[in-house]
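Take a look at the structure set out below.
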Amino acid sequence: MENTVQIRYFSGYIRNYKKLCAELNVALPLSRDEREQQILIKGFEKWGTDIPMHLYGAFAFAVYDEKADKLYVFRDQVGQKQMFYAQVGDELLCSGDIDAIASDSRFEKRLNLRMLQQYLFYGYPIGEETFYQGVYKLMPGHYAEWNGKTVTVHCYFKPMFRPEKDKSIDDFAEEIKAVVKEIFTEEREDTELPYKESFLSGGVDSSFLLAASDAQCANTVGYEEADFSEAHLAQETAEHLNKGFRVKMISPEEYFERIPTVMDKMGQPLGDASAVAFSLGCQAVKEHADVVYSGEGIDEFFGGYNAHKREIPSDWVYLTCSHIMSEDVVKSLMRDYDTSVKASDPLTALWEEAKGEGQLHSKLTMDISFWLEGDIYLNTDRTSTACGIELHTPFSDYRLFEVASRIPAEYQFLEGQNKYVFRKAASSMLPHESAFRKKVGFPVPVRQWLSDERYNQPVKEKLFGESSQKFFDQDAMKAMWERFVGGESLLWNRVYAIYAFLLWYDLKF
């Protein structure tokens with residue numbers, strides 16, 4: 001019988017492919033590309049639009065159903081892979097690469113000033129709108145249905161929490177360990193990918209990942225500035241686990257030279273300085289591996305940020321763990337500030353639904369839905385893809401969130417630690433010091449480098465150049481810059497975010 005289902009686009013990987021092949025009668029062995037095509041075709045035929053909840057991995061794909069004469073576009077539960085769409089006449093353009101849509105000859109490219117204003121609040125492109133008018137981001141846990149005339153977007157998954165009070169910390173730690181074991185059993189079964197490496201910082205997430213995985217070598221980045229480098233901690237962990245170890249030392253010259261490339265490949269501006277370091281790390285890994293593990297997801301699933309501990313007034317909207325400018329600051333900087341655009345606009349509807357979960361869990365719902373996908377996964381997906389690396393993020397697997405969603409809030413902050421239950425699970429495979437080390441993060445010495453006249457001339461030229469004058473009040477920009485180089489180092493993220501936007505704008509327009 002002729003297939004009436006066609007796969008028009010696919011990006012990512014399906015981790016539980018063996019189970020799915022058995023369930024869907026997909027014959028093995030097949031090449032990876034062939035089996036993924038067959039899983040998606042037969043899975044859609046069997047489950048229809050419920051298909052994404054049967055897939056574990058990272059994915060964005062488009063399915064054309066010939067019988068219904070409809071196109072369906074899907075994105076994974078938490079948004080590890082990017083997906084964008086735009087209606088052009090009687091066609092729906094869709095791609096995980098926003099540049100593929102923006103550069104299409106049928107599409108009229110125009111800047112979305114609303115997104116610029118939102119970006120300045122947050123430092124990343126938040127929500128469904130993008131920097132291009134008429135191009136929309138398909139949000140995590142959603143699918144779009146195109147009937148040839150209109151697009152209808154449906155939500156199939158929300159990261160909501162439903163704590164179970166009758167289980168102990170040890171019960172949940174055992175569940176985490178069992179799920180991690182299941183995930184890496186599936187990873188090991190993909191014999192087409194026999195050699196993998198891993199990124200490793202000094203923290204518990206990447207350390208547990210390395211310990212549980214089949215990665216044979218760990219990779220990290222380092223800096224001459226000792227306060228910002230976790231390379232020594234990473235090396236200690238790798239040696240304890242008897243894994244190989246490599247460190248990519250990053251100089252300020254190399255860092256600044258890389259920023260334009262990163263902004264070009266990112267597709268949209270991103271004010272997260274770690275993206276450049278991650279890109280250089282991916283480039284270094286590509287010299288000896290094609291697949292690398294990374295530990296994203298745990299902080300947002302289990303409560304890893306200090307912002308998750310802080311109480312906020314009941315009448316506030318939680319603006320995710322990263323917002324870099326207040327509305328007043330943005331208003332002072334922008335030439336054409338739109339008072340109808342509020343920082344809370346993308347968040348309000350979900351916040352009203354989530355805030356009944358309690359402060360911790362409602363914050364996690366928001367950070368998973370907006371910050372994790374809008375900043376972290378934008379960074380990791382686009383930079384790794386640009387470097388020709390296939391990035392696997394096993395700790396972003398929906399099954400691990402499913403465990404996290406049932407853990408009571410009071411279990412997550414104990415003994416002065418965050419994400420305590422996850423640390424408890426990790427301690428079965430790591431030294432106590434590694435499992436319970438305080439969060440360091442992925443710091444980059446940008447605040448020092450940006451204020452150093454040996455490196456910041458290209459930044460200064462952009463901040464006060466022709467494009468800047470279109471969007472920003474130059475007196476306000478000058479005052480911000482002088483305060484920053486005069487010693488107010490906390491302003492670095494404002495400076496960097498604006499610089500990132502101006503670089504991107506000059507590359508794309």
Side-chain angles (χ1 to χ4, degrees), residues 60 73-87 93-99 101-102 110-144 151-160 266-272 275 300 307 316-327 330 334 337-355 362-382 493 497 500-501 504-505:
V73 185
F74 298 87
R75 191 175 178 198
D76 68 61
Q77 294 94 337
V78 292
Q80 298 163 80
K81 302 299 291 185
Q82 302 293 300
M83 179 57 89
F84 304 92
Y85 65 92
Q87 182 176 344
L93 307 180
C94 62
S95 178
D97 181 0
I98 196 171
D99 287 335
I101 297 175
R110 292 174 295 166
L111 182 70
N112 181 5
L113 282 171
R114 286 174 53 86
M115 177 48 69
L116 172 58
Q117 195 163 314
Q118 294 285 11
Y119 166 81
L120 294 175
F121 294 141
Y122 291 96
Y124 61 94
I126 188 171
E128 294 179 273
E129 291 192 46
T130 73
F131 272 89
Y132 296 105
Q133 290 186 37
V135 180
Y136 297 91
K137 182 199 304 175
L138 185 65
M139 296 298 285
H142 286 69
Y143 71 91
V151 180
T152 308
V153 177
H154 306 267
C155 177
Y156 71 84
F157 170 76
K158 291 179 183 177
M160 308 297 280
M266 196 66 64
Q268 296 193 84
L270 181 62
D272 185 341
E300 294 79 13
W316 283 20
V317 176
Y318 174 65
L319 301 179
T320 77
C321 63
S322 175
H323 48 280
I324 63 174
M325 301 188 208
S326 68
E327 291 184 342
V330 176
M334 288 191 71
Y337 183 83
D338 185 347
T339 56
S340 71
V341 178
K342 303 297 183 185
S344 58
D345 287 347
L347 308 165
T348 303
L350 184 59
W351 177 250
E352 287 301 314
E353 187 175 348
K355 66 182 182 181
S362 59
K363 288 177 179 178
L364 297 183
T365 293
M366 303 306 285
D367 279 335
I368 294 168
S369 301
F370 295 99
W371 151 260
L372 180 59
E373 80 83 22
D375 183 319
I376 304 300
Y377 291 144
L378 172 62
N379 166 6
T380 55
D381 180 38
R382 298 309 304 155
N493 52 9
F501 163 72
W504 172 87
Y505 178 81

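Note that the coordinates shown come from a computational prediction; the quantities given were computed from them, not determined experimentally.
- When side chains are defined from C-beta on, Phe84 counts as touching Val135, because their heavy atoms get closer than 4.5 Å.
- Nearest heavy atoms, Tyr119 versus Pro125: CD1-N, 4.1 Å.
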>> Between Asn379 and Tyr124, does the side chain to side chain donor-acceptor pair (under 3.5 Å) criterion hold? Intermediate values first, please.
In response: CA-CA 10 Å; Asn379 166 6; Tyr124 61 94; over 6 Å; no
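- The two atoms that bring Ile101 and Ala86 nearest to each other are CG2-CB, 3.8 Å, heavy atoms only.
- Contact between His142 and Tyr156 at its shortest, heavy atoms only, is N-CE2, 3.4 Å.
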>> Go through it in stages, so that I can follow the logic: the residues are Tyr143 and Arg75, the test is side-chain contact (heavy atoms from CB on, under 4.5 Å), and I'd like the CA-CA distance, side-chain angles, deciding distance and then a yes or no.
In response: CA-CA 6 Å; Tyr143 71 91; Arg75 191 175 178 198; over 6 Å; no
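- Taken from CG in Leu372 to CG in Leu364, the straight-line distance is 11.0 Å, to the nearest 0.5 Å.
- Taking CE of Met115 as the start and OH of Tyr122 as the end, the distance is 10.5 Å to the nearest 0.5 Å.
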>> Between Gln82 and Ile98, is the side-chain contact (heavy atoms from CB on, under 4.5 Å) condition met? List the steps.
In response: CA-CA 9 Å; Gln82 302 293 300; Ile98 196 171; over 6 Å; no
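- The side-chain heavy atoms of Met334 and Leu116, taken from C-beta on, include a pair separated by under 4.5 Å.
- Among residues at least two apart or in separate chains, side chain to side chain donor-acceptor pair (under 3.5 Å) pairs with a member in residues 126-137 are Asn112-Glu129, Arg114-Glu129, Lys137-Glu373.
- Heavy atoms only, all atoms of each residue included: Ala500 and Leu270 are closest at CB-O, 3.6 Å.
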>> Would Trp504 and Gln268 count as a side chain to side chain donor-acceptor pair (under 3.5 Å) here? Give the steps.
In response: CA-CA 7 Å; Trp504 172 87; Gln268 296 193 84; over 6 Å; no
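- To the nearest 0.5 Å, the span separating OG on Ser369 from CD on Glu353 amounts to 9.5 Å.
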>> Before you tell me yes or no, could you show the steps for Leu347 and Asp345 under side-chain contact (heavy atoms from CB on, under 4.5 Å), namely the whole-Å CA-CA distance, both residues' side-chain angles and the distance that decides it to 0.1 Å?
In response: CA-CA 6 Å; Leu347 308 165; Asp345 287 347; over 6 Å; no
>> For a side-chain contact (heavy atoms from CB on, under 4.5 Å) check, start with the C-alpha distance between Thr320 and Phe370, then their side-chain angles and the critical distance, and finish with the verdict.
In response: CA-CA 7 Å; Thr320 77; Phe370 295 99; 4.0 Å; yes
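- A donor-acceptor pair under 3.5 Å links the side-chain atoms of Asp367 to the main chain of Cys321, judged by distance alone.
- With rounding to the nearest 0.5 Å, the separation of CD1 in Ile368 from CG in Leu350 is 10.5 Å.
- Within the 4.5 Å cutoff, the side chain of Trp371 has no heavy atoms near those of the Met366 side chain.
- One finds the CG atom of Asp381 at 9.5 Å from the CG atom of Asp97 (value rounded to the nearest 0.5 Å).
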> Where do Ser340 and Asp338 land on the side chain to side chain donor-acceptor pair (under 3.5 Å) test, with the steps shown first?
Replying inline: CA-CA 5 Å; Ser340 71; Asp338 185 347; 2.6 Å; yes
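- Heavy atoms only, all atoms of each residue included: Pro140 and Gly79 are closest at CB-N, 3.5 Å.
- Minimum heavy-atom separation, Ala275 to Met266: CB-CE, 4.0 Å.
- In this structure, OG in Ser344 is found 6.5 Å from CD in Glu327, a value given to the nearest 0.5 Å.
- Aromatic rings of Phe121 and His323 (six-membered ring for Trp) have centroids beyond the 6.0 Å cut-off, not under it.
- If you look at Phe131 and Tyr505, their ring centroids are not closer than 6.0 Å.
- By the 4.5 Å heavy-atom criterion applied to side chains, Leu319 and Trp351 are not counted as neighbours.
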